[in-house]
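Let me begin by presenting the structure, written as structure tokens, before commenting on it.
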Amino acid sequence: MRRLITTLAAMLMTAGLAYIAVCFPLTAKETPSARLALARVWISEQEPAVWNWLRKEAKRYEKETGTRVYLRAAPSQNKTDASDVLPPDLLISNTGESVLALEGYALFYRNDTAGLVTAAPTSLLFYRPSSSPGPSAAPLPTADIARFSVLLAPHKIPASGSGIVRSPHPERDFADGKGEAAILTAGQAEALPFRVSALPLPKGSGFAAVYGTAATPAGADLLAALLSEDAQRALAEGGLYSPTFQLYGGTDRLREMIENSR
């Protein structure tokens, strides 16, 4: 009798499962993979600091929203067969709708007598910033680009003058003695093998903008997260600048000087 009861119970359970499968089929829209939200991001910007910032913020966005963020380098413009490439929800490039981040530059020239920036708060001299920034420096004069017969400059900065020499790697050429001065980021200047003095570029001309352009609602949501205060303040971790927030006041003398030239 016990075996008969066990057999009948198993048969009833099997019949019940069959009924559920027939009457309530699991559609494609209800599969776990289909329910997974995804935001595709194409990035044409080559600056490593921008990529590092985006990776970190993508992980935070995934954790907070459950939306998976897929970052990839944007396809080449001369790619003829793009049928296998899904379009982006968000495009990161040097043109677009919303400014996400700024790369900041200043003019640096060699000065072997330069001391630590904290030793002379109002001087133009710069070496590696100290961990104790000291009092705020007085406003510095704008760099006189015309005084240099050979000034190395990156392609992304719109400096003009008879002595401007464009270079894909101005920091390397400057270190090799191929120019009297160079337009560099603070990070590039800190890596030079000699001491330099720093001057801000004319107002607003020392920055290269990184833009975000949303193509879908998923891209718009991610773009809004990247423009949030937390994400913008995280730009300082890579030496970048925010179009909205002051990041370096009283903490980094050189980058504060660059930031104030916006």
Side-chain angles (χ1 to χ4, degrees), residues 46-50 52 101-209 235-242 246-262:
Q46 301 299 315
E47 174 59 40
V50 174
N52 292 337
L102 298 169
E103 297 172 53
Y105 293 78
L107 187 150
F108 295 89
Y109 61 95
R110 184 163 182 167
N111 186 347
D112 293 332
T113 64
L116 289 172
V117 70
T118 52
T122 60
S123 76
L124 309 185
L125 305 182
F126 163 72
Y127 194 46
R128 296 179 185 273
S130 164
S131 59
S132 301
S136 298
L140 298 178
T142 300
D144 181 9
I145 292 176
R147 74 180 264 198
F148 302 101
S149 59
V150 179
L151 174 60
L152 301 164
H155 293 281
K156 60 178 64 178
I157 294 298
S160 61
S162 58
I164 297 291
V165 176
R166 297 291 175 181
S167 170
H169 302 289
E171 73 284 3
R172 296 182 194 173
D173 292 340
F174 187 38
D176 291 339
K178 296 179 180 179
E180 294 179 83
I183 295 176
L184 307 173
T185 66
Q188 290 171 333
E190 289 168 342
L192 290 170
F194 46 75
R195 300 186 178 210
V196 291
S197 291
L199 287 170
L201 292 169
K203 199 72 174 177
S205 66
F207 293 89
L235 289 167
E237 297 175 15
L240 298 169
Y241 303 82
S242 169
Q246 190 86 7
L247 304 182
Y248 298 104
T251 60
D252 187 317
R253 295 285 300 285
L254 176 61
R255 289 174 177 82
E256 182 180 4
M257 181 198 78
I258 295 174
E259 187 171 54
N260 289 337
S261 69
R262 280 187 305 193

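Computed from a predicted structure; not experimentally measured. Atom set for the values below is all heavy atoms of this structure, side chains included, hydrogens, waters and symmetry mates excluded. Numbers here simply count residues along the sequence, with the first being 1.
Across I183 and Y105, no two heavy atoms sit closer than the pair CG2-CB, 3.7 Å. Closest of all the heavy-atom pairs between M257 and A198 is CE-CB, 4.1 Å. When all heavy atoms of N111 and T113 are compared, the pair lying nearest together is OD1-OG1, 2.7 Å. Contact record, A49 with G238: CB-O, 3.5 Å, taken as the closest heavy-atom pair. Smallest separation of non-hydrogen atoms from G250 and E256: N-OE1, 3.3 Å. Between A106 and I258 the shortest heavy-atom distance is CB-CG1, 3.9 Å.
Legend: salt bridge (charged side-chain N to carboxylate O under 4.0 Å, His left out) pairs involving residues 174-186, not counting sequence neighbours, sorted by first then second residue: D173-K178. Counting only residues at least two apart or in different chains, salt bridge (charged side-chain N to carboxylate O under 4.0 Å, His left out) contacts with residues 155-167 comprise E45-K156, E103-K156.
To the nearest 0.5 Å, atom CD of residue E171 and atom CD of residue E190 are 13.0 Å apart. The structure places OG of S167 at 6.5 Å from NE2 of H155, a figure rounded to the nearest 0.5 Å. With rounding to the nearest 0.5 angstrom, the CG atom of N52 is 9.0 Å from the CG atom of L240. Remark: L247 CG to R255 CZ distance equals 11.5 Å, nearest 0.5 Å.
Between F194 and F108, the distance from one ring center to the other does not fall under 6.0 angstrom.
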Quiz item: Please walk me through it: do L184 and V196 pass side-chain contact (heavy atoms from CB on, under 4.5 Å)?
Solution: CA-CA 11 Å; L184 307 173; V196 291; over 6 Å; no

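For V165, the side chain to side chain contact (heavy atoms under 4.5 Å, CB included) partners at least two apart in sequence or on another chain are V150, L152. Every side chain to side chain contact (heavy atoms under 4.5 Å, CB included) that S205 has, sequence neighbours left out, goes to L201, P202. With sequence neighbours excluded, the residues forming a side chain to side chain contact (heavy atoms under 4.5 Å, CB included) with A181 are L107, Y109, F148, L151, listed by chain and number. Partners of Y241 by ring pair (Phe, Tyr, Trp, His ring centres under 6.0 Å), not counting sequence neighbours, listed by chain and number: F207, Y248.
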